[in-house]
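Worksheet: one structure, shown below.
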Amino acid sequence: MTLNAFSLQGKVAWITGASYGIGFAIAKAYAQCGAAVVFNDINRELVDKGLEAYHQVGIQARGYVCDVTHEDEVASLVAQITQEVGVIDILVNNAGIIRRIPMTEMSAAEFRMVIDVDLNAPFICAKMVIPGMIRKGGGKIINICSMMSELGRETVSAYAAAKGGLKMLTRNIASEYGSYNIQCNGLGPGYIATPQTAPLREKQSDGNPHPFDSFILAKTPANRWGTPEDLMGPAVFLASDASNFVNGHILYVDGGILAYIGKQP
Ligand code: NAP
Ligand code: GCO
């Protein structure tokens, strides 16, 4: 293996929900490694915000409006990307939502909404890109999993169910399409400082840290929250030839949370 194994030169990479946050960082990494970056978000305002952000860091990304839960929109988007950019070599199923509600207070509609975005949409997007990958001789699918692919906690029943299912969808895609030289793996971030976790890090009115912030620091050997940048290297590895014999694996990037019982109070 040579260092060129980490190159993404000439590849077309589609990162869903990547106007900001983890998806934006992964897309930046891919562009820096030579990929043509394509992203979508749920509305024009977010796509324009993302295009400006990519421009600010010198990346010529292409942005499209698409709600990844809508199969017809995804089908049209994949056809448009294929025509305008090329066959998609790398798909990162990053778009996701969370609703933190005690299970007995969560409506079935709220539960279904989280499952729709965090599990059904990765199925839809993967299903739409696989035929092109087969025709091209291979591809990479990376599903953004979570600590909640392995652990539960109060108020995140829908999210944990979705991310647990996403772990098994990852393994099933790996099993069903590995013979076509398609590698499907998961990237499992720990607790990362993005808008999605901002409510868990807000300072208290008395200026003290949020209790959850202190809890996560005590559960993380690295004693810090992760940043989207911490995910860039692992994401490049899973998208590159360097991981061509890695399949059905969930690569956790969590500062050691899953290995650690937690700091004694
Ligand atoms: P984020 O800041 O909330 O960004 C998620 C992105 O997905 C947003 O741009 C969001 O758009 C978009 N999105 C939501 N629903 C969509 C839909 N139906 N169609 C298209 N785009 C949609 O989240 P993040 O923290 O960067 O997380 C990104 C991924 O990592 C998610 O799958 C999340 O579950 C996962 N993750 C996050 C952490 C963490 O600690 N932050 C840890 C583990 C895993 P809107 O702004 O309109 O919602
Ligand atoms: C929560 C957090 C987590 C993180 C991430 C951890 O409420 O517990 O939002 O779910 O987003 O998924 O890996």
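Numbering of residues begins at 1 and proceeds along the displayed sequence. Indexing begins at 1, ligand by ligand and atom by atom, following the structure's order.
The heavy atom nearest to atom 16 (C) of ligand 1, out of those in I42, N93, D41, T197, is found in I42. With distances taken over non-hydrogen atoms, the option nearest atom 5 (C) of ligand 1 out of G21, P228, G96 is G96. One option in L166, D254, I22, T69 has a heavy atom closer to atom 37 (C) of ligand 1 than any other, and that option is I22.
Note on ligand 1: C66 sits in its first shell, one or more heavy atoms being nearer than 4.0 Å. Between C145 and ligand 1 there is a heavy-atom distance shorter than 4.0 Å. Ligand 1 has no atom lying under 4.0 Å from any heavy atom of T16. By the 4.0 Å heavy-atom criterion, K163 is counted among the residues contacting ligand 1. The closest approach between any non-hydrogen atom of A193 and ligand 1 is not below 4.0 Å. Residue contacts with ligand 1 include Y159, since one or more of its heavy atoms lies under 4.0 Å from the ligand.
Of the polar atoms of P189, at least one N or O is found under 3.5 Å from an N or O of ligand 2, judged by distance alone. By the 3.5 Å distance cut-off applied to N or O atoms, S146 is counted among the residues near ligand 2. In terms of N/O distances under 3.5 Å, ligand 2 is not approached by M148.
Residue-level proximity to ligand 2 for K163 is absent, since no heavy atom of it falls below 4.0 angstrom. Counting heavy atoms closer than 4.0 Å to ligand 1, residue T194 contributes side-chain atoms (C-beta onward) but none from N, CA, C or O. Neither the backbone nor the side chain of T155 has any atom closer than 4.0 Å to an atom of ligand 2 (non-hydrogen atoms only). At a heavy-atom distance under 4.0 Å, only side-chain atoms of L200, from C-beta outward, approach ligand 2.
Near G190, meaning under 4.0 Å from one of its heavy atoms, ligand 1 places the atoms 40 (O), 42 (C), 43 (C). Those atoms of ligand 1 that come under 4.0 Å of a heavy atom in I97, given as number and element, are 14 (C), 15 (N). Atom numbering of ligand 1 starts at 1 in the shown order; those under 4.0 Å from a heavy atom of L46 are 11 (O), 45 (P), 46 (O), 47 (O). Distances below 4.0 Å separate heavy atoms of N40 from the following atoms of ligand 1: 20 (C). Below 4.0 Å from some heavy atom of R153 lie the following atoms of ligand 2, by number and element: 1 (C), 7 (O), 8 (O). Distances below 4.0 Å separate heavy atoms of I144 from the following atoms of ligand 1: 29 (C), 30 (O), 35 (C).
Within the model, atoms CG of N94 and CG of L231 stand 9.5 Å from one another, a figure rounded to the nearest 0.5 Å. Separating the CD atom in Q183 from the CZ atom in F245 is a distance of 9.5 Å, to the nearest 0.5 Å. Atoms CG and NZ, from D41 and K49 in turn, are 8.5 Å apart once rounded to the nearest 0.5 Å.
Protein heavy atom closest to atom 6 (C) of ligand 2, with residue, atom name and distance, is G190 O, 3.4 Å. Among all non-hydrogen protein atoms, the one lying nearest atom 11 (O) of ligand 2 is Q196 OE1, 2.6 Å. Protein heavy atom at the shortest distance from atom 9 (O) of ligand 2 is R100 NH2, 2.7 Å. Summary of contacts: the protein heavy atom closest to atom 3 (C) of ligand 2 is Y191 CE2, 3.4 Å. Counting only heavy atoms of the protein, atom 10 (O) of ligand 2 lies nearest to Y159 CE2, 3.2 Å.
A donor-acceptor contact shorter than 3.5 Å links the side chain of S243 to the backbone of L238. Side-chain atoms of D89 come within 3.5 Å of backbone N or O of V12 as a donor-acceptor pair. Listed for the S19 side chain is a donor-acceptor partner under 3.5 Å among the backbone atoms of L46.
Within the cation-pi definition used here (under 6.0 Å to the ring centroid, within 45° of the axis), K11 does not qualify as a partner of Y30.
Side-chain atoms of R201 and T197 form a donor-acceptor pair, as typed in the model, at a separation below 3.5 Å.
Just one of T194, D230, D213 meets the side-chain hydrogen bond (donor to acceptor under 3.5 Å, both in side chains) condition when paired with W225; it is D213.
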